[in-house]
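Notes follow once the structure below has been shown.
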Amino acid sequence: MQAKMEQGKRKGKVAKQKETKTDQRLRKETEMAQSRTSGGKLFMAVVYMLATCRAVPINDLLNRASERSDEMYSLSTGLTKDLASHMSPLSWPAMERPALCHTSVLPTPNDKEQTLQVSESALMSLVRSLLQAWAEPLVILSNHASTLPHPARINISNKIQNLQDYSKRLGDGLDILSGKMGPEAQVVSILPYHGGTDLGHDRNSKLQKFNFLLSCFRRDSHKIDSFLKVLRCRAAKMQPELC
Amino acid sequence: MKKAEGVIILWWLLFFTLHAEGTSYSLPGKPTLTNCRSPEKETFTCWWEPGSDGGLPTTYHLYYRKESSDAVHECPDYRTAGKNSCFFNKNDTSIWINYNITVVATNARGSTFSDPVEIDVVYIVKPNPPEKVTVNVSWNKSWPSLRVSWDPPQKADTRSGWITLIYELRIKLEGEDKWEEHPAGQQKMYNIYSLQSGGTYLVQVRCRPDHGFWSEWSDSTYFKVPDYFPQERSIWIIIMIFSVFIFLILIWAIHMNSHTLKHHILPPVPGPKIKGFDKQLLKSGKSRDAFSSLVGSDFPPTTTNYEDLLVEYLEVYIPEEQGLMLEEGKDLHDGSLKSKSYTSDSDSGRGSCDSHALLVDKSEEEKEVGQKSNQQGGRTEMDLKRPEESPEENILNYSHANVGSPDVSCEKVKTWPSLFSPLTENSSGPLDQPDSPEMAKQHCLSDSLFPPSPLSSPFAPPGHKEVLGSNYQEYSFGNMHPHVLHPQTGSHQYLQAHGNMNVANIGHKGVPADLQLPPVRSTEYVEVQKVNNENMVLLYRVSSDAEKGCPGRRHTEEYSRLKGVNNDNGLLLLQRMVSEEEMNICPYEDQESSGLTDSGYTTSTAQKSTAYIPPATQVLDERVAGGYVDTSMFTLPIY
């Protein structure tokens with residue numbers, strides 16, 4: 001019940017947000033239209049376009065977003081497997097006490113109950129924060145991938161570049177998506193990466209750090225994917241077969 | 001001593017006991033964690049494999065450490081999941097956190113630690129198999145279709161989106177080995193078509209999370225496909241019935257029209273269409289009898305006077321250089337004419353006709369005619385042309401064209417030479433021979449040469465006499481020029497022997513009888529029978545109508561007898577109506593000698609109606625074949 005009320009409020013907020021935004025757009029459009037000879041007609045056309053634009057359902061957008069995140073996760077899983085492929089377990093440098101991922105500072109739900117209790121906007125905020133947090137580390141990873149002392153470094157390098165693309169695309173999509181959600185969705189926590197721009201000096205440390213970063217990324221991408229799918233199911237009231 | 005021995009024995013006992021303990025008891029073997037699985041991302045279970053127990057009762061403990069803390073916890077539940085397992089319930093399960101799990105085997109001797117295993121719950125999800133697999137049969141236009149539906153495993157929470165499952169089913173006929181697998185995506189039902197009617201199938205379903213492991217296959221669900229009649233067959237049956245029906249109709253139609261069809265497909269071989277020819281006789285093999293009817297009873301004519309039968313050919317040929325060949329009357333029956341004609345250049349009459357090219361095109365003919373006429377020593381036509389005016393020229397051209405050699409005429413012209421040769425020999429042989437058709441050809445030539453239009457006047461050069469039926473004559477001889485025949489000034493009448501103008505040979509007994517006029521057109525031929533001593537050309541009108549059953553005669557001919565030449569130098573021809581029967585046997589009748597005018601006109605004793613041929617009228621359009629004057633060419637008032 002509460003959730004539903006909250007949802008209703010959120011929708012109202014979203015609607016208001018949308019309204020304000022569309023109003024602004026309309027003003028601009030009207031000014032532009034009026035400046036032209038066929039201002040009236042153009043105005044109507046613009047309004048119609050906006051109306052149709054508004055009609056894109058959220059669940060559809062969420063569906064697409066979850067598909068993107070699914071792909072990203074699959075790619076990261078493949079990367080970790082590639083990294084571990086040519087290394088025998090014995091020669092794998094044992095990690096000292098594994099450091100925490102730089103994104104662990106962000107409080108995320110750790111089980112199902114917790115996750116389901118989080119609001120949609122909060123979930124979206126989490127997702128966006130996590131995604132944003134990996135922008136920089138991915139750059140570092142891609143910079144060092146080509147010089148990684150690993151036989152499959154070229155393959156890894158390519159995949160990291162793909163990962164960057166996916167990440168960016170998903171980020172852009174989520175920006176649009178969050179615009180249709182509550183104001184909480186607009187909050188993006190900044191999670192700085194303090195690991196430094198290099199991976200280490202010796203072979204082992206390089207590999208170690210690379211592996212560590214990748215594993216952190218894999219986990220975070222799984223989180224993103226899970227959250228988006230939860231959001232998708234929540235929004236897909238009309239399509240119960242999805243969930 | 002005894003004490004020492006006792007101590008030694010004791011020591012020995014201790015030693016042995018100790019030794020015995022050492023060999024049978026040892027540390028437990030190293031256990032190994034085989035796998036950990038979570039069915040719904042909320043709980044998970046780990047299993048281990050114990051090592052050797054070392055001979056002593058060994059206990060196993062599982063300890064785990066979470067990622068973020070150093071606290072070591074022991075497995076909360078060793079029993080739920082069975083032996084050598086540890087079940088982590090919801091409270092103890094955290095996701096997105098690494099678990100460091102170790103199993104310790106402990107016995108009296110000590111403990112052995114297993115290798116640690118680092119796991120994250122979200123990566124070890126393996127759901128339970130789907131449940132409640134049901135099969136529903138639905139009918140769609142008498143086609144059965146099966147709908148397999150199932151439920152997700154009970155524990156997996158797909159409704160909230162916590163776990164996303166992807167399904168797959170497989171089906172096979174009972175008794176077969178190979179399964180048919182179908183991915184079903186995220187849907188919980190699947191339609192199957194194209195099943196054997198009456199077959200029993202097995203179906204199984206399994207699922208996996210979006211990032212996880214496949215579940216086990218569900219239990220087989222048996223279902224039987226109901227018997228159904230494939231609708232395809234019914235359609236085929238209807239089609240077959242229709243086709244049989246149509247086939248029957250076709251057969252009936254063919255039967256009804258079998259006769260006409262026979263005629264179309266196998267046209268009857270035309271039998272001989274010879275009048276008086278009896279096919280049956282031929283079939284019976286009596287060729288003699290069969291052909292007997294063809295032989296004219298009149299032939300060889302025995303009753304009549306040879307003189308009467310003799311058809312003397314009047315060859316009129318007036319080459320330019322040679323001048324007018326035909327003198328008054330004399331020329332006509334002058335054998336010299338013939339000779340002259342013979343002596344004429346080879347092209348005369350014959351040459352042009354012989355050339356095949358002439359047969360091809362009329363235009364060519366015209367050209368050639370012109371040429372030939374030129375070649376032929378200035379045929380009279382050419383001569384005619386010059387003095388004549390243009391309209392006459394046109395007509396002449398036309399006639400020339402005809403001369404040139406209309407197809408038929410060519411043939412006839414060709415035959416002319418053959419005709420003449422025997423004539424020179426004064427033999428009637430050729431007449432019997434199949435030259436008759438040739439002669440007929442000649443006749444034809446003459447016929448075609450002159451169209452039935454009134455050419456008389458144009459062809460009447462002043463001062464020239466026309467020769468009736470001189471078409472052929474003219475063209476063939478090249479001296480069809482009427483005036484050539486009778487260079488009588490002021491007289492427009494010419495005796496024009498038609499193409500096959502038989503040169504009247506006095507004393508020669510040609511057999512004009514068989515000189516049939518070519519049946520090219522319905523023309524009337526006047527055959528010159530002979531030229532008697534009186535310089536009279538005996539003309540017989542050849543009827544051109546009935547020609548059936550007339551061997552050698554191309555067409556029924558009506559022979560008209562030349563009755564006589566009147567005072568005006570006109571030819572009086574008898575118009576004889578020949579009956580069909582008569583024609584059938586090609587009667588050569590009405591061969592009556594006719595008197596010849598001294599002016600070269602042939603006259604014949606007219607017995608019937610005479611066709612008066614005014615001198616003014618040119619018989620140019622006649623077709624003279626074999627010396628027959630084609631009276632049809634005449635535009636004559638019939639007296």
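Protein chains get the first letters and strands the later ones, always in sequence-line order, with residue 1 at the start of each. What you are looking at is a predicted structure, and each value in this text was computed from that prediction instead of being measured.
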| Selection from A:Q114, A:R219, A:K229, A:H222 maximising heavy-atom pairs under 4.5 Å formed with chain B |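 Top count of heavy-atom pairs under 4.5 Å with chain B: A:R219.
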
Neighbour count above 12 (heavy atom, 6.0 Å) for [X] [atom1]:
X: B:E181; atom1: CD; answer: yes
X: B:F213; atom1: CZ; answer: yes
X: B:Q154; atom1: CD; answer: no
X: B:K155; atom1: NZ; answer: no
X: A:Q132; atom1: CD; answer: no
X: A:D165; atom1: CG; answer: yes

| Toward chain B, the part of A:E113 with a non-hydrogen atom under 4.5 Å | side chain

| query | Can you tell me how far CG of A:D70 sits from CG of B:D210, rounded to the nearest 0.5 angstrom? | reply |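 Answer rounded to 0.5 Å: 5.5 Å.
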
| task | Write down the atom of A:V230, the atom of B:G161, and the distance for their closest heavy-atom approach. | result | CG2-O, 3.7 Å

| message | I need the minimum non-hydrogen distance between B:T93 and A:D111, along with the two atoms involved. | response |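 Scanning both residues, the minimum pair turns out to be O-CB, 4.3 Å.
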
| query | Between B:H211 and A:D225, do the side chains contain an N or O donor and an N or O acceptor separated by less than 3.5 Å? | reply |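 Checked: B:H211/A:D225 side chains pair up, N/O donor to acceptor below 3.5 Å.
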
| request: Assign the ring pair B:Y123 / A:Y73 to parallel, tilted or perpendicular, where the plane angle (0 to 90°) is split at 30° and 60°. | output: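 Ring orientation, 0 to 90° scale: parallel.
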
| request: Step by step, work out the side-chain contact (heavy atoms from CB on, under 4.5 Å) result for A:S226 and B:K41. | output: CA-CA 11 Å; A:S226 299; B:K41 247 198 298 191; 3.9 Å; yes

| request: Against chain A, label B:D120 side chain, backbone, both or neither, depending on which of its atoms sit under 4.5 Å from a heavy atom there. | output: side chain

| Stepwise side-chain contact (heavy atoms from CB on, under 4.5 Å) test for A:L116 and B:D157 | CA-CA 11 Å; A:L116 294 180; B:D157 183 8; 4.2 Å; yes

